[in-house]
Peer 1: 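One structure, as structure tokens, below. Some questions next.
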Amino acid sequence: MNKRVAEVLAAPQIGEKLEIGGWVRTRRDAGGFSFLELGDGSCLANLQVIAEQTLANYRDEVKKLSTGCSVLVRGILQESPARGQSVELRAETIEVLGWADPESYPLQKKHHSFEFLREICHLRPRTNALGAVARVRSRLSYGVHSFFQERGFIQVHTPIITTSDCEGAGEMFQVSTPSPASGAGESGGDSGEFFGRPAGLTVSGQLQAEVYAQALGNVYTFGPTFRAENSNTSRHLAEFWMVEPEMAFCDLAGNRQVAEALLKYLLRLVLTECAADLALFDRFIAKGLVAKLEAVVEQEFAHITYTEAVQQLRQSGQSFVYPVQWGIDLQSEHERYLTETIHRRPLIVTDYPAAIKPFYMRLSDDGLTVAAMDILVPGIGEIIGGSQREERSEVLLARMEQAGVDPLAYDWYLDLRRYGTVPHSGFGLGFERLVQFVTGMANIREVIPFPRTPGFAPC
RNA sequence: UCCCCGGUAGCUCAGCUGGUAGAGCAGGUGACUGUUAAUCACCCUGUCGGCGGUUCGAAUCCGUCCCGGGGAGCCA
């Protein structure tokens with residue numbers, strides 16, 4: 001029966017007859033036979049195949065195999081007499097499924113820059129590093145669901161096309177298609193828009209998640225999110241995935257606890273279940289990565305208020321490009337200094353000035369701050385942003401007016417406060433930033449299979 | 001979008017103050033070998049990012065556009 005390399009290497013059975021399909025990583029010839037390194041993507045490690053010259057197609061085909069060729073190997077698993085691997089597959093037949101002309105196949109048996117691999121994003125998952133990223137990403141994705149499902153959260157598929165802008169979250173991509181009704185002539189008030197009004201791709205599922213939280217209690221969304229910002233950085237994408245829990249009867253402290261528990265759960269999961277892939281990142285991408293992740297799991301996250309952050313920055317004696325004073329938005333240099341130099345661990349900053357935060361965040365009794373939180377992580381910066389939501393309709397209305405937001409456009413959102421309102425909280429976790437943090441990959445474009453950035457969406 | 005740096009062989013890069021191009025790896029051929037970034041010998045490879053300009057002459061200088069990297073803004 002067809003087995004994956006990961007299964008074979010995890011529990012090798014000497015003498016077992018196997019059929020393995022995979023891609024040739026490299027071929028080395030010895031006297032009278034050849035070694036094939038066979039990888040199938042199920043794990044980082046390859047299976048060594050012994051191809052004797054007695055194979056019917058040895059001279060015509062096996063000797064011509066090169067990096068990237070796909071083959072189906074049938075043979076017997078045996079102990080390996082040489083060092084470097086404990087078992088190997090002695091081939092009885094090798095069927096070549098697809099050639100990969102070495103003159104033109106872009107992937108070589110050598111290191112490639114990530115910038116180059118990005119230009120061939122249809123081939124890059126065949127490399128060790130990008131394959132490992134894909135496996136870790138998949139495990140993290142599954143972990144997000146298991147974390148919430150184990151705790152009784154209901155997953156809500158919030159809409160991708162939306163007519164509500166989540167203020168403060170960035171520019172929306174426009175979804176523009178002529179109305180099917182236009183031209184029919186009957187509907188006099190036809191705007192010509194497919195949805196009867198301007199629509200866009202969601203910049204956050206938060207507002208709709210709030211709807212379900214105020215019906216089902218604890219919910220989460222995990223889906224694609226779009227920002228039409230002209231951002232050219234190593235930590236921004238035009239299309240990315242975001243995890244957004246929303247919890248009824250939950251204040252900011254509860255919000256913080258869930259966020260910290262989620263991050264630790266996911267790190268612990270990957271440390272135990274993706275050890276080989278993490279070891280690769282630790283060796284070649286970010287030295288000390290595993291120790292850093294282990295430390296994060298073991299330590300309490302630091303927690304300070306914005307006001308304390310401002311004090312700490314001012315007392316640090318450090319000179320910043322942007323001077324620190326109460327009321328400013330913390331700049332990257334400030335966030336990095338706080339989490340990387342002062343606290344040296346993940347840092348939760350709460351209670352930001354109301355003036356620099358969106359209208360839906362809950363106004364505190366001081367009237368100056370809102371119940372907001374950002375989780376900052378060394379190397380990445382902001383990985384989570386969240387808040388307790390404003391549940392008092394008259395306060396919410398006032399804040400909307402201050403922010404210049406038309407209450408009529410958010411009438412449904414205000415209804416949630418008019419009828420059976422409850423305190424509730426939630427946050428957004430940038431999934432790619434999580435994958436970046438876990439893998440140590442420097443550029444966010446390497447942790448999503450098909451990155452979308454301004455001017456770049458090749459397939 | 002702004003600031004700085006870069007774009008030379010399939011890949012990674014060298015090429016000083018202008019005289020029209022090179023190394024390693026990859027690839028090809030052969031030898032050798034229970035090999036594992038295999039080794040050794042020989043061979044091949046270029047619109048020097050695009051366009052325009054200066055000059056007798058541009059990979060090299062100037063302008064502009066495109067793309068990439070680092071930083072910043074926006075944020076997740």
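All values derive from a computational prediction rather than experimental measurement. Note on naming: letters A, B, ... go to the chains in the order of the sequence lines (proteins, then strands), and numbering restarts at 1 for each one. All heavy atoms count here, side chains included; hydrogens, waters and symmetry mates do not.
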Peer 1: Please measure how far the C1' atom in B:A26 lies from the corresponding atom in B:C11, and state the result in whole Å.
Peer 2: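 Here B:A26 and B:C11 have their C1' atoms 7 Å from each other.
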
Peer 1: When the ring centroid of A:Tyr337 is compared with that of A:Phe320, is the distance short of 6.0 Å?
Peer 2: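 Between A:Phe320 and A:Tyr337, which both carry aromatic rings, the centre distance is below 6.0 Å.
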
Peer 1: Side chain of A:Met242: nearest nucleotide among B:A38, B:G69, B:A76?
Peer 2: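 So the side chain of A:Met242 is nearest to B:A76.
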
Peer 1: State which of B:G34, B:C75, B:G68 makes the closest approach to the side chain of A:Ser80.
Peer 2: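 Comparing B:G34, B:C75, B:G68 against the side chain of A:Ser80, the answer is B:G34.
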
Peer 1: Is it the case that the base of B:U1 and the side chain of A:Glu229 share a donor-acceptor contact (distance under 3.5 Å, atom types as modelled)?
Peer 2: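 Side chain to base: no pair present.
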
Peer 1: Which whole number of Å gives the distance between the C1' atom of B:C61 and that of B:G57?
Peer 2: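 Looking at atom C1' only, B:C61 and B:G57 are 13 Å apart.
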
Peer 1: Does a nitrogen or oxygen in the side chain of A:Ser332 sit under 4.0 Å from OP1 or OP2 of B:G73?
Peer 2: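 Yes, A:Ser332 has a side-chain N/O under 4.0 Å of OP1/OP2 on B:G73.
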
Peer 1: If the C1' atom of B:C25 is compared with that of B:A37, how far apart are they to the nearest Å?
Peer 2: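 Per the computed distance, 10 Å lies between those C1' atoms.
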
Peer 1: Hey, does the Lys NZ or Arg CZ of A:Arg433 hover above the aromatic six-ring of A:Phe431, less than 6.0 Å from the centre and inside 45° of the axis?
Peer 2: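 Not satisfied by the 6.0 Å and 45° rule.
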
Peer 1: With rounding to whole Å, what would you report as the distance between B:G71 and B:G46 at their P atoms?
Peer 2: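 Straight-line distance between the two P atoms is 37 Å.
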
Peer 1: With both distances kept under 3.5 Å, what pairs with B:A72, Watson-Crick or G-U wobble?
Peer 2: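 In the structure as shown, B:A72 has B:U1 as its Watson-Crick or wobble partner.
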
Peer 1: Can a side chain N or O of A:Arg235 be found less than 4.0 Å away from OP1 or OP2 on B:G71?
Peer 2: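 Checking A:Arg235 against B:G71: no side-chain N or O falls below 4.0 Å of OP1 or OP2.
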
Peer 1: Honestly, is A:Arg151 close enough over A:Tyr265, meaning NZ or CZ under 6.0 Å from the six-membered ring centre and within 45° of the axis?
Peer 2: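 Satisfied, under 6.0 Å and within 45°.
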
Peer 1: Between B:U1 and B:A38, how far is it from one P atom to the other, in whole Å?
Peer 2: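 These two P atoms come out 44 Å apart once rounded.
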
Peer 1: B:G28 and B:U47: how far apart are their C1' atoms, nearest whole angstrom?
Peer 2: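 The same atom, C1', in both gives a distance of 25 Å.
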
Peer 1: Between A:Glu391 and A:Arg362, is the closest basic N to carboxylate O distance under 4.0 Å?
Peer 2: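 Looking at A:Arg362 and A:Glu391, the cut-off is met.
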
Peer 1: Does B:G69 have OP1 or OP2 sitting under 4.0 Å from an N or O in the side chain of A:Asn443?
Peer 2: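 A:Asn443 to B:G69 OP1/OP2: side-chain N or O found under 4.0 Å.
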
Peer 1: Does A:His111 contact B:C11 through a side-chain donor or acceptor facing the base, at a distance under 3.5 Å?
Peer 2: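 Absent.
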
Peer 1: Indicate, with a heavy-atom threshold strictly under 4.0 Å, whether A:Leu237 touches base, sugar-phosphate, or nothing.
Peer 2: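 Base, at least one base heavy atom under 4.0 Å.
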
Peer 1: Do any side-chain nitrogens or oxygens of A:Gln331 fall under 4.0 Å of OP1 or OP2 in B:G73?
Peer 2: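 For B:G73, OP1 or OP2 has a side-chain N or O of A:Gln331 closer than 4.0 Å.
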
Peer 1: B:A41 and B:U60: how far apart are their P atoms, nearest whole angstrom?
Peer 2: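 It works out to 36 Å between them.
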
Peer 1: Hey, is CZ on A:Arg28 packed in by over 12 heavy atoms from elsewhere, all under 6.0 Å?
Peer 2: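 Above 12, so yes.
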
